[in-house]
Every structure is written in C-alpha cells, then in structure tokens.
Amino acid sequence: MSLTTTASKIDRLAQLTARTETASGASLWREAMRRMRASKMAIIGAVIIAGFVLLAVIGPWIAPYSPTDQTWRGEVFSNRGEFVGARAENWFGLDHLGRDLFSRMLVGARQTLLVGVVSMLIGLLIGAFVGIVSGAAVTLGGKTGRRIDDAIMRVTDILLALPSLLLAVSVAAVMGQSLTTVMIAVGVVQIPVFARLLRGSMLAQGGSDYVLAARSLGIRKRRIVLTQILPNSLSPVIVQATLSLATAIIEAAALSYLGLGNPDPAVPEWGVMLSAAQRFFDNEPMMSMYPAVGIVITALGFTLLGEAMREALDPKLRG
Amino acid sequence: MSLLELDGVKVHFPVKKGILFDRTVGHVYAVDGISLKVEAGQTYGLVGESGCGKTTLGRAVLRLVDVTDGSVVLDGTDVAKLPEKELRSFRRRLQMVFQDPLGSLNPRQNIESILSEGMAAHGIGANQEERRERIREILAKVGLPANALSRYPHEFSGGQRQRIGIARALVLEPDLIICDEPVSALDVSIQAQVINLLEELQESMGLTYLVIAHDLAVVRHISDVIGVMYLGSLVEEAPSDSLYEEPLHPYTRALMSAVPVPDPEVEERRERILLHGDLPSPANPPAGCRFHTRCPWAQPKCSEERPELTDAGGGHKVACHFTREIQDGTLTPAGSDAVVIPAQAEAPAEETAKEPEPAAPESGEAAESGDTSATASEDVSEDVSEDVSEDK
Ligand SMILES: Nc1ncnc2c1ncn2[C@@H]1O[C@H](COP(=O)(O)OP(=O)(O)OP(=O)(O)O)[C@@H](O)[C@H]1O
Ligand code: SF4
Ligand SMILES: [Mg+2]
C-alpha cells in the first residue's frame, strides 16, 4: 500500500508540468506564483523559512554566550536531577552540562539547516542523476533503453516500498555514528523519490508535441533530451526538494534521537540536542522542548511552502 | 513519379499488459494498409472521424512512429527503412504543422531559437546572423511582426502560434508539409485566415501539402485530391470536385450529409444518411468491410470479404463491394438500423434538426467550419491584418 500511495503521489507530481492547457497565456510558473501569493499556506511557510534561514545565518553572531563552554557547570547536577530553567541570564535555561541553551539553539539552527540541505542535496543529486539516466534511456534508447529503465525503476520501487526510517537506520547502522552518517542515511532515502519523480516528469515531457516537433526538425535526440525535455521537467523537482527538506530535518532528528548521530559534538545541532535532552525529560522537559519545537516549526514551514507550490501547480487542486 | 508514395502502410501499436513483465495482448490497428500518392505542388486532403488513424499516418510519414509494414517513399527514398542517421538529415525535406499550436512550441524557447534550431541542425545559414535574416523573411511571409523573434510562445494568440508552427516548417524549405488538423484548435474566425495563409504560401513557394482534417469543409477549400479514411484505411479517394459532386462510398455520403450546404436550394435536395452505432475500436476492427457494422447497405458478403480500393472511373477510387448497385439504386438501404432520407423527400422537421448528431461525431464543428470556408475568400484580407496587429 505504501508503495502505491507514495509512487502515485510522485507520479502525479511528475505529470504537472506536462500540461498544455495553460492557454490563458501566462507561463506555468508565473501563474503558480500568482496563486501562491494569494495562499496563506505559502505565506506562512515562506515566513517561517525566512526566519529560520536568517537565524541560521546570523545565529552564531547574536548568540549571547559560547554554545560549547560549560560556564555554569557548577549549577547543574543531572545525576541528582538539579537543573536550571529559564532565567534573566539564560533565557532558555541551561543544559545538562551547564551550557546556555539559548545560545545553543541559535548556533544549532545553522547546523540543522545544513543537515537538512546536505541530506536533501544528496538525495536530489544522486536521485536526479538516476532519474535522468532512466528517463534518457527510455526516451533515447529503444529496446535496450527500456530494459535499462525497467531495471532501474524496479530497484527504486523496492526502495520506495521500504519504510524510510528503516532504510535510514540500516544505512546508518552500516556506517557508524556521526553527523555525516545521518546526512547520508537521510539522503539515501530521498534518492528513489527524486529518481522516480524526474524520470516520470521527463517521460511526460517526452510525449509532448514540441518534442515531436523537435524530432521532426531533425535535431539530435541527445540534444532534445538535454536542452528541451530536461529543463521542462524540473518544476516538480523544485517542489519535491522543498518538501524533502522538511522530511530530511525530521528524519535526521529521528536518527539522532535513536542514537545514530554524533553523541555530543562540539557544534550543537537541534536533533542531537533533542536526543541528549531526552534522558532528562522527566526532570527537565523544557530542555527537550526547545529543539523539538524548533524542528517541528521548521519542518512545518518547508511542508507548507512545498504543498502550496504543489497546489498552485496542480490544476486538479485549483479552486 | 509522385513526390510522396505510400504503399500498404501499416502502423500497429502493441497493447501491453502485466504487472511485472509486459506481455503483448493485442494490437491497435491504427493504420492498416494505406496506399496513396501526393503529387508535387498539390494538396492531398485526408479526412476521417476522430480516432481513425489520421495523426498516426501523418507521423508514420515523418517516421515519428515506426512503420509496421509498407513503404513511405519520398522522391525515391523509402523513409520507413532509412537508417536513423540518414533519417535525421532527411527530415529536413518532410515537415509537420501540429494540431495543438501551443503544445508544439517549447515554452522555454523564444521564437528565434525555435525557428533557428532546425536550420542549425541542417547547416542552413553560415551563422546565426544569416539565419536570423532568413527567419525575418519567413516571419514576414507568414504575417508575423519582426519583433516576434525575441518573444516566447505564450505571448502570442492562437492563430499567431500556428503561424509560428508554419514558419518553423518553412524555414527548412521542405518538399512536403504535413498539416495535422492545422486549424481545429483555433477559433472559427481564425481558421479561415490560417487556411488561406497555407494556400497563399503554396502558390508563392510551390509547396506540397498533406492536410489532415476531421471534417470535409476544411479540406474541400484547398485540396486537389481527397482521401476519406475509416478505421485505419482509405474507403474513398477522388479529385476534390469529383468527390463532392458524387460521393460513392456510403461512409463518405454519410459524412457529406452532415455538412449543410449554403445554397438553400441544394440544401433542400440534400441527401441525409443517419449512421447507427459508434466507431468500432481499432484494437478490434470488424472483419470484412470495416464499415459493415454501420453501413445502411451492408450485405452478407460485406462482413466476409474486405473490399479493395478500386477505380470506379476517372481516378475516383472506392472500397465497396456494391458501389454500382448503390449508385443505380438496385440496392436499397436496409431498414431500421439507419435512416436514409433520399433527395427531394420531405424530412420531418424535428428529425432534420437532430440528424447530424449520429451521422458523425464532429458534425457540429463541421457545420461551423462549413460556414467558415464559405465566407473565407471575402473576409481574409481584413482578418489577417487584424490578427497581426492584435498583439502589437
Ligand atoms: N502511441 C500509441 N499507442 C497505442 N495506441 C495509439 C498510439 N497512438 C495512437 N493510438 C491509437 O490509434 C488510434 C488512431 O489514433 P490517431 O491519433 O491516429 O487518430 P486521429 O484520426 O488522429 O484522431 P483525432 O481526430 O482524435 O486526432 C486511436 O485509437 C489511438 O488510441
Ligand atoms: S462493402 Fe458493404 S458494408 Fe462496406 S461500404 Fe460497401 S455496402 Fe457498405
Ligand atoms: Mg489526430
């Protein structure tokens, strides 16, 4: 079931740009932009993302204290359940090692964004590559091409059918504990999504009249694929990339939470902070709350914007 | 020798089924044995209902779909058997104007890029400057402003987009242009302009056309020879006038009876034939005469033996076992399945009103375009200037 729903959702997205009924004149994206400007979802999503990215950029400079110095070590005794909550000096209180939580949150934003973006890029780049190979093989390669494409798509379908966290945990288990592991594991999960999406999108474009026209002009197939089909196939990928950032951030946090991330690195990251704080949840729930809420809001921002983009592009969802 | 000769062209699409491994479970007989000739400098009009395989035949001529069987010979070269590499350079000589003007233009390419890409691929023009010069000439010929070069397809009106499509075909100086329903996506008011443009271009540049349409009204105006297609094969082919004066095949007669005639006196005498039932599926065509499931004159022989396209005199070819009998009235249409209201008989008013519908699915459009072509010659000059200025 999960295979068919995920796959059909991806396929639907892949079809979106292959429409010709934008006869109203405006180009597809321009029209989508107009719709998005009127959509609350898109605006809220964009505002959240803008805030988050701003934090990620300037966070380290505006942080009042060092995120790594255990300045207030003498005030926190985690083994006795003595913690320090929010106070004038430390707005979010201290963590279990006596570090300023507010500063750690600010500095951690950048790391969290980085994990999300890098994971997504791993999935996007490898997935897009696989998708292009597959899409180009069907479009160009006759029988052999179709066979290559068949083989690739069988594998991606199997990967898609696996629960993503299970897949990520398997990858992480093989590679050992570190932040890089988390990013790769989360990225791998996105590979089949992007592959199937781009291939589907290229196939949809490949059947369009302008491609037939280009062929009848005598233009080389390779050139048609690269200069005409591919550029027209990218819109759904942009939408998916936005949605993937949300999943990547949550999945990275989940992997850290399961103890597969870096145990306690010098540089804070929200997922890792959450995983460290969980041990003290009974005594000091607020310590978990800050990174958890941060992750949820950020993921929500990317999801809102991504979904709004998809809706704006999808004629079936238009009111 | 004719410029284009099709001989027994078949295009069968395999129908695949299966979850893990595709199995071919049958074929769609989209084009099933078509032979025809197009003479240089002339226009061949190909007419038939939606789904009868017109587009597929057009694409087969350009080898945009693979030809299952038969030959497509342009000026001595069999396109159907040309190796891929030679095919690419040969394609310059065969060009197509598409049914959907917007869909056939890449939204991300500006007009200059769309028009020059093919030229560059075939080494026409030494550099981009030369090509641009040539494109400007062609743009003027098809009635587009020179400033169109840097603009994108969505900035144009439907009629202008189709002019771009025509210009794209023209810049390569092809021997044959296939126009696949060149006007059916356009407003009725613009249809006549585009048809007239095609005709003017033919006169001034000596072009040869294969024009595909789903109603007779569009092709009548411009065709020298008309072929009528039904379910993948030709049922009748004749010089344009001869076909209109005396349609011989029952299917052609049914098609014609759906087109109102502007002359009220002729209209009065017009024969009306109502076809019963739907177009059979090309995946499972009826045996014998493909038309026998709907033909009012069908006889037992019709469902057993497939009639060949044979000359009934004066180059008027028909594929029907009983052409003569139907013509001289020895064979009369059989009863309840279809209604034939013979010439001069008085038709009950209401029946007349709803009659075109079952006769041919496109009869509504046919009627509209029928009006268009009738008024075409008067309106053209004004309309063209309007169309061009509208986007300035
Ligand atoms: N690539 C394909 N694979 C399978 N079947 C096809 C393919 N292309 C066309 N067909 C089928 O072949 C038949 C003829 O299609 P075609 O597009 O040539 O008809 P047409 O006469 O151009 O109709 P229209 O007036 O609607 O354009 C149809 O039944 C269609 O479904
Ligand atoms: S062969 Fe028979 S079925 Fe076919 S058109 Fe002639 S009379 Fe009708
Ligand atoms: Mg067609």
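A note on names: the letters A, B, ... follow the listed sequences, proteins ahead of strands, and every chain is numbered from 1.
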Just wondering, do A:Lys221 and B:Arg88 contact through their side chains at under 4.5 Å, heavy atoms? no
Between A:Thr227 and B:Gln109, is the side chain to side chain contact (heavy atoms under 4.5 Å, CB included) condition met? List the steps. CA-CA 10 Å; A:Thr227 66; B:Gln109 276 183 303; over 6 Å; no
Using heavy-atom distances under 4.5 Å, tell me whether B:Leu87 contacts chain A through its side chain, its backbone, both, or neither. neither
Chain A heavy atoms under 4.5 Å from B:Leu105: which part of the residue, side chain, backbone, both or neither? backbone
Donor-acceptor contact present, side-chain A:Gln228 to main-chain B:Asn106, <3.5 Å: no
Contact leader toward chain A among B:Arg92, B:Met96, B:Arg168, where contacts are heavy-atom pairs under 4.5 Å: B:Arg168
Please round to the nearest 0.5 Å and tell me the distance separating atom CZ of A:Arg215 and atom CZ of B:Arg59. 9.5 Å
Nearest heavy-atom contact between A:Ala213 and B:Ser104 is CB-O, 3.8 Å
Heavy-atom donor-acceptor pair, B:His122 side chain to A:Leu217 backbone, under 3.5 Å: yes
Contact origin within A:Arg220 toward chain B - heavy atom pairs under 4.5 Å: both
What's the separation between atom CG in B:Leu64 and atom OG in A:Ser216, rounded to the nearest 0.5 Å? 5.5 Å
On a heavy-atom basis, which atom in B:Ala121 and which in A:Gly218 lie closest, and how many Å separate them? CB-O, 4.0 Å
To the nearest 0.5 Å, tell me how far B:Arg108 CZ sits from A:Leu234 CG. 7.0 Å
Spacing of B:Arg91 atom CZ and A:Ile219 atom CD1 [to the nearest 0.5 Å]: 11.0 Å
